[in-house]
Amino acid sequence: MTKASDLLVAALENEGVERIFGIPGEENLDIVESLRHSSITLTVTRHEQAAAFMAATYGRLTGKPGVCLTTLGPGALNLSTGAAYAHLGAMPMIMLTGQKGILSERQGRFQIVDVVATMRPITKMSRQIVSGQTIPTLIRDAFRVATEERPGPVHLELPEDIAREEVDNITLIPPHNTEPPITSDTALDAATELLKNAKRPLVMLGAAASRPRLAGKLHEFFVRTQIPFITTQMGKGAVSNVSDLYMGTAALSERDYVHEAVEAADLIISVGHDTIEKPPFIMGEDGPQVVHIGYEPAHVESVYFPQTEVIGDIGNALSRLADRIGDTLPNAGALLSMRENILTHIQEHASEDRWTPQRVVADIREVMPRDGIVTLDNGMYKIWFARNYRTDVANSLLLDNALATMGAGLPSGIAAALEHPDRRVLTVSGDGGFMMNSQELETAVRLKLNLVNLIIDDNAYGMIRWKQAVDKFADFGMTFNNPDFVSYAQSFGAKGHFVERIEEFKQTLEQAFSEGGVHVVAIPIDYADNITVLIDELNGAARTTAAD
């Protein structure tokens, strides 16, 4: 006989789980005890939301489900933002929550919330485990559902009396790989015909192009076809070593410099576009034709209605499309002549001796090596990083343009530093977003991570303040006071820095990375360019829609 919680942990080990993020509670103590005797590391966080962000980021980086653990009621509900983050962002994750016993009600309804029902709209599956005998089947199914396209979170609730249940020794179900369906020859033939007839083709990489398993296939496709590409915000950093074909990132929905290439194209190959992101471009009657290549059919909307769809395994589809095309695309690089002009405009103001967003991004790019990882929280700076930060290694810039939640930057950086301890990891947060999960500095210090955290300090909810100004509202309700971030960092055992002069910024970051450990670097910002560049220079006085 085996205790059900031991069987649960054994099933997790069977799936290859090495780490669980979470917070213990009365109702999951049996699982915690079972973990104590297992090969799995329990990483205790300071808030359940942060545990979910960490697990989701692990899933995003590896393609394998990250796992987080909480107790019932308030602890479980604190996972809800992280669940939505993973659900909209297509990040595989398993959430394990506790519950009061279901065979008796010794404490009445104390702390009991129907967490299974609460989680259903923001997960791919939400189930209560009502018998220890079913654990191997449910765990195997949970991991299968979490990873199959479209990836996302799965929730399992284990009541404490079921966790303590003695069950027969049950054979665990071996994991097995499942491959997405293969697209039809007919669909590929249609896409091939459009490409061969295109005079100015362009590829757009969307969120689903950033799956870790796709990086090699994408690289091969671009090397073989030499078609230039743009990316959405979440498609940024999807492919390595083809930066000479990169034409820009659609940080806005229209009228940015990158849209000059979109408007000039007569055919766009849209790879992995997911309409959880705001539109990277607006389709119209006079615009280019669009071929949608995705794991799932396109979500047709008034701004996105592709003429042809290639549905199935994206990597396989791209390989077969390249086979059909070969080197027979004489117009493959027709748009490349626009590249220098677009990228030059985007880099304007990047060398000015003031705290412009462009200068901040440029300095960070110089400090970060090619494989360095930057994790972004959500704020005004995200548009500038999407627009200006160049990537040449897959999944080296992690931003959220799906739920676009504040508070995820620091936890995501912790997960990245744990997964890639040999690479530089930088988190970037506004002061508003940083303070939403700043308690996780203690987690980073306790784990002895090498992690540099940049805080953009403007004493305001900057993105909403910008939108408020653009919409001609009075400046109201957006400002607040901050702690002394240097002392705040030191109180956690981290090192704190406040950089007053832009010329000292790169040196401070380099010093922090060289010293190792956890650092907090706070800087001021001059957001005047939010209006002059993103509005006035782009002739966008009437355009207020930012794909953020």
Side-chain angles (χ1 to χ4, degrees), residues 1-15 17-55 58 65-80 82-83 93-116 118-119 126-136 138-139 142-143 153-170 172 411 439-440 442-443 446-447:
M1 301 289 284
T2 302
K3 194 168 75 167
S5 62
D6 291 337
L7 182 60
L8 175 79
V9 171
L12 294 173
E13 289 177 312
N14 184 54
E15 296 290 342
V17 175
E18 298 177 345
R19 184 183 300 273
I20 293 178
F21 304 95
I23 296 181
E26 182 181 342
E27 289 72 29
N28 62 24
L29 285 177
D30 287 277
I31 300 177
V32 171
E33 176 64 12
S34 296
L35 287 171
R36 188 170 70 89
H37 298 285
S38 76
S39 63
I40 299 173
T41 299
L42 175 62
T43 297
V44 176
T45 63
R46 303 306 300 268
H47 197 283
E48 295 87 355
Q49 184 187 95
F53 287 148
M54 292 177 197
Y58 172 88
V67 183
C68 54
L69 170 73
T70 75
T71 187
L72 83 174
L77 292 174
N78 279 342
L79 293 179
S80 59
M93 176 172 71
I94 307 293
M95 300 180 292
L96 302 172
T97 65
Q99 187 55 277
K100 297 291 185 185
I102 57 175
L103 303 179
S104 65
E105 294 185 351
R106 294 174 60 86
Q107 296 190 37
R109 304 299 295 170
F110 175 64
Q111 282 195 311
I112 292 181
V113 176
D114 190 346
V115 177
V116 173
T118 301
M119 289 293 183
S126 182
R127 299 277 296 276
Q128 184 184 70
I129 301 174
V130 298
S131 168
Q133 301 288 132
T134 65
I135 285 174
L138 283 175
I139 291 295
F143 276 76
V154 169
H155 167 243
L156 293 177
E157 178 182 85
L158 181 62
E160 59 182 338
D161 52 0
I162 303 301
R164 294 168 185 164
E165 186 178 76
E166 292 291 327
V167 297
D168 294 331
N169 291 319
I170 301 172
L172 299 174
Q439 74 283 340
E440 300 306 326
E442 188 279 327
T443 304
R446 173 169 25 96
L447 295 174

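Heavy-atom basis, side chains included; hydrogens, waters and symmetry copies ignored.
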Exercise. Do Leu72 and Val115 pass the side chain to side chain contact (heavy atoms under 4.5 Å, CB included) test, and can you show the C-alpha distance, the side-chain angles, and the key distance before you say yes or no?
Worked result: CA-CA 8 Å; Leu72 83 174; Val115 177; 5.8 Å; no
Exercise. Side chain to side chain contact (heavy atoms under 4.5 Å, CB included) between Leu12 and Ile20: does it pass, once the steps are laid out?
Worked result: CA-CA 10 Å; Leu12 294 173; Ile20 293 178; 3.8 Å; yes
Problem set entry | Check against side chain to side chain contact (heavy atoms under 4.5 Å, CB included), Asn169 and Leu7 | CA-CA 8 Å; Asn169 291 319; Leu7 182 60; over 6 Å; no
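Side chains of Leu158 and Asn28 form no contact here, defined as non-hydrogen atoms less than 4.5 Å apart. Looking at Val67 and Leu96, their side chains come closer than 4.5 Å, going by heavy atoms from C-beta outward. Here the side chains of Met119 and Glu157 are not in contact, with every heavy-atom distance at 4.5 Å or above. Contact of the Leu8 side chain with the Ile139 side chain is registered, since non-hydrogen atoms from C-beta on lie closer than 4.5 Å. When side chains are defined from C-beta on, Pro153 counts as touching Met95, because their heavy atoms get closer than 4.5 Å.
Across Ala142 and Ile94, no two heavy atoms sit closer than the pair O-CD1, 3.6 Å. Looking at every heavy atom in both residues, Arg127 comes nearest to Leu138 through NH2-CD2, 3.5 Å. Pro411 approaches Phe53 most closely through the heavy-atom pair CB-CB, 3.6 Å. Scanning both residues, Ala52 and Leu79, for their nearest heavy atoms gives CB-CD2, 3.8 Å. Taking all atoms of both residues into account, the shortest heavy-atom contact from Phe143 to Pro65 is CD2-CG, 3.6 Å. Summarising the geometry of Gln133 relative to Val167, their closest heavy-atom pair is OE1-CB, 3.2 Å, with the distance given to 0.1 Å.
Without hydrogens or angle criteria, Gln439 side chain to Arg46 main chain gives no donor-acceptor distance under 3.5 Å. Using modelled atom types, no side-chain atom of Glu48 and backbone atom of Thr71 make a donor-acceptor pair closer than 3.5 Å.
Interatomic distance, Gln99 CD to Ile162 CD1, rounded to the nearest 0.5 Å: 11.5 Å. Atom-to-atom distance recorded for Gln128:CD and Asp114:CG is 8.5 Å, nearest 0.5 angstrom. Interatomic distance, CD of Glu18 versus OG1 of Thr43, reported as 11.5 Å (0.5 Å rounding). One distance of note links NZ of Lys3 with CD of Glu33; it measures 6.5 Å at 0.5 Å rounding. Going from atom CD1 of Ile135 over to atom OG of Ser5 covers 8.0 Å, rounded to the nearest 0.5 Å. Here OG1 of Thr70 is found 10.0 Å from CD of Glu27. Values are rounded to the nearest 0.5 Å.
The environment of CZ in Arg446 is crowded: more than 12 heavy-atom neighbours from other residues, nucleotides or ligands sit within 6.0 Å. Environment of CD in Glu166: crowded, with over 12 heavy atoms of neighbouring residues, nucleotides or ligands closer than 6.0 Å.
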